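In this text the structure is predicted, and so the values were computed from the model without any measurement. Residue numbering restarts at 1 for every chain, and letters A, B, ... go by the order of the sequence lines.
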Amino acid sequence: MSHGKQFTLYMHTTGPNGWFVAFALEELGLTYEPVYLNFQKGEQKAPAHTQYNPNGRIPTIIDHHNGDFVLWESCAILLYLVDKYDTEKRLTVTDDKKYTLFQWLFFQASGQGCVLFQVAFEIPYFGQAFWFMKWHSEKIPGAVERYQKETLRVFGVLDGVLAKSPSGYLVGDKVTIADLAFVSWNRAAVTGMVPAMEGVDVEKQFPAFYAWYQKVNARPAVKKVLDLYDQLQ
Amino acid sequence: MSHGKQFTLYTHVGGPNGWKVAILLEELGLTYESIYLDFQKNEQKQSPHVDYNPNGRIPTLIDHKNGDFVLWESNAILLYLVDKYDTEKRFTVTDENQKHIVNQWLFFQASGQGPYFGQAFWFMFYHPEKVPSAVERYQKEAQRVFSVLDGVLAKSPSGWLVGDKLTIADLSFITWNRAAISTILKEFEGGEVEKKFPAFYAWHEKLNNRTAVKKLQDVQASLKK
């Protein structure tokens with residue numbers, strides 16, 4: 001890789017998981033070269049990428065300042081970045097709260113991202129479009145509703161926890177990678193999925209969640225990356 | 001809690017993720033009291049459980065030797081247990097880079113294996129309508145996950161996922177893999193997991209035959225009677 005940046009980040013213009021790695025890289029002032037894989041052409045499953053990530057999904061990161069160390073799974077990447085490069089521990093915590101941070105990252109990976117992914121990709125034969133409403137394929141009875149309900153349930157869980165948090169963040173008294181990990185899928189759900197759901201007003205129904213969502217999205221590093229994301233759509 | 005054990009583990013008789021944590025507790029020789037929540041009565045979403053875990057899912061662990069520290073998300077629990085109690089580092093690695101590879105596999109298990117296999121079960125047994133295309137989607141994905149693991153394990157000199165030894169990365173996959181082999185993929189394209197994914201199958205059998213794993217399978221079987 002001759003781009004001179006510290007990292008190469010295989011990602012996708014729309015796929016949320018790559019973007020929250022980008023948030024962390026921006027927050028930490030680390031340089032990276034994004035490589036946007038074309039899913040229509042199946043680039044994520046082609047050897048040039050799968051030599052690094054046999055699972056063929058994004059993101060995948062290569063650290064050129066660490067012997068071209070390769071890592072995949074977005075939350076694992078977040079943990080790697082804070083471990084090695086967050087010297088002031090701005091985005092993480094150090095005592096037993098560390099495990100609570102892991103807890104939230106696993107919740108995001110398995111309980112949030114995964115669920116929303118199911119809504120977006122519930123219809124089997126199309127892989128690319130994020131907004132399920134635009135697809136012209138078989139509507140699976142009950143399936144879309146199942147995942148919409150689950151999305152709202154997850155909002156409710158987060159809202160309940162955040163309402164009780166004095167700092168308004170998930171872990172400790174400050175923003176951490178646990179909060180950053182939820183941004184892109186939250187945004188996709190709030191702006192893309194919720195409008196199609198009748199009678200749902202996120203701000204009214206989940207006020208603590210909504211306040212947190214706005215606060216984290218307004219961070220300069222996050223906002224910068226979100227603007228870039230919007231430009232690429 | 002007056003049971004005198006170090007941990008309380010909120011879990012479920014069938015749910016694979018609770019058994020995943022039990023396996024590591026056994027392997028580390030730690031004492032724990034299992035509370036099997038009744039999902040028919042929705043106990044997982046009610047007090048007292050939901051007071052500990054607002055997400056209302058199992059497992060949830062309480063460590064009475066650490067000020068009643070509460071943790072949920074099974075793989076976060078695995079990391080907690082090895083960090084605090086695996087003093088000989090039998091189930092983890094010490095090399096910095098490799099530690100992150102362990103995390104990578106734990107997140108792959110948590111997001112790419114468990115939930116998809118879980119959805120297969122949902123559409124096979126619990127969804128109100130029969131939707132063959134949904135079942136097929138998740139069966140295909142289960143096969144794909146097996147093939148990813150098979151490819152990696154075939155290339156691994158030790159036959160383990162990380163470094164040259166068994167770690168929690170390997171342990172985390174057992175319970176859902178068992179469910180997939182015995183149920184999800186049983187009839188799908190002729191089954192034949194051992195034939196199609198030999199390196200994967202050898203690894204799975206090796207794990208499944210561990211004393212602690214077999215002991216807990218017997219416990220689970222007796223509870224299901």
Side-chain angles (χ1 to χ4, degrees), chain A residues 17 45 50 53-57 60 63 66-67 69-81 83-84 96 98-115 117-118 121-125 137-138 140-143 146-147 153-154 156-161 164, chain B residues 17 45 50 53-57 63 66-67 69-81 83-84 96-97 99-116 118-119 122-123 127-131 133-134 136-138 140 144-145 147-152 155:
Chain A
N17 296 327
K45 300 271 197 274
T50 55
N53 179 347
N55 192 33
R57 288 200 176 161
T60 306
D63 185 351
N66 184 17
F69 180 68
V70 176
L71 200 61
W72 42 280
E73 286 303 319
S74 46
C75 290
I77 295 172
L78 292 184
L79 287 170
Y80 173 78
L81 293 176
D83 237 28
K84 275 193 110 57
D96 276 356
K98 205 170 55 166
Y99 304 105
T100 310
L101 189 142
F102 293 160
Q103 169 192 285
W104 285 111
L105 289 177
F106 279 106
F107 176 60
Q108 188 284 321
S110 65
Q112 183 222 29
C114 235
V115 170
F117 180 82
Q118 294 317 306
F121 294 88
E122 188 45 47
I123 297 129
Y125 311 111
S137 181
E138 129 186 48
I140 297 176
R146 164 178 166 75
Y147 295 111
R153 191 193 71 81
V154 169
V157 171
L158 292 166
D159 186 69
V161 170
K164 295 196 197 117
Chain B
N17 295 325
K45 297 275 196 285
V50 84
N53 179 347
N55 192 33
R57 288 198 176 165
D63 187 350
N66 184 18
F69 183 71
V70 177
L71 199 61
W72 42 278
E73 286 302 318
S74 50
N75 285 353
I77 294 171
L78 296 187
L79 285 168
Y80 173 80
L81 292 173
D83 243 26
K84 282 194 117 49
E96 280 305 310
N97 281 352
K99 271 201 310 206
H100 294 288
I101 308 279
V102 171
N103 287 347
Q104 171 193 281
W105 286 108
L106 289 175
F107 278 105
F108 174 60
Q109 188 280 319
S111 66
Q113 185 227 29
Y116 283 94
Q119 294 318 296
W122 174 264
F123 283 102
H127 194 68
E129 295 93 359
K130 286 296 163 209
V131 191
S133 64
E136 200 186 316
R137 165 177 164 75
Y138 294 111
K140 274 200 162 115
R144 192 192 72 81
V145 168
S147 77
V148 171
L149 290 167
D150 187 68
V152 170
K155 292 195 200 117

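Per-residue heavy-atom pair counts under 4.5 Å with chain A were compared for B/L79, B/I77, B/N97, and the maximum is reached by B/N97. Between chain A and the options B/V50, B/V152, B/L149, B/L106, the largest number of non-hydrogen pairs under 4.5 Å is found for B/L106.
Taking both residues in full, the closest heavy atoms of A/N55 and B/R144 are given as OD1-NH2, 2.8 Å, listed atom of the first, atom of the second, then distance. Of all heavy-atom pairs between A/T100 and B/L71, the closest is N-CD1, 3.9 Å. For the residue pair A/A76 and B/F107, the shortest heavy atom distance occurs at N-CD1, 3.6 Å.
Using a 4.5 Å cut-off between heavy atoms, B/E96 touches chain A through its side chain atoms alone. Heavy atoms of B/K45 lying under 4.5 Å from chain A belong exclusively to its side chain. Heavy atoms closer than 4.5 Å to chain A are found in both the backbone and the side chain of B/P54. Neither the backbone nor the side chain of A/K164 comes within contact range of chain B; no heavy atoms are under 4.5 Å apart.
Using a 4.5 Å heavy-atom threshold, the side chains of B/W72 and A/F107 count as touching.
Within the model, atoms CD of B/Q104 and OG1 of A/T60 stand 8.5 Å from one another, a figure rounded to the nearest 0.5 Å. Rounding to the nearest 0.5 Å gives a distance of 11.5 Å between OG of B/S111 and CG of A/L105. Taking CD from A/E73 and CD from B/Q109, the interatomic distance works out to 10.5 Å, rounded to the nearest 0.5 Å.
Legend: residues meeting side chain to side chain donor-acceptor pair (under 3.5 Å) with A/Y99, ordered by chain and number and at least two apart, are B/D83. Qualifying side chain to side chain donor-acceptor pair (under 3.5 Å) partners for B/N66, counting only residues two or more places apart in sequence or in other chains: A/D96, B/Y80.
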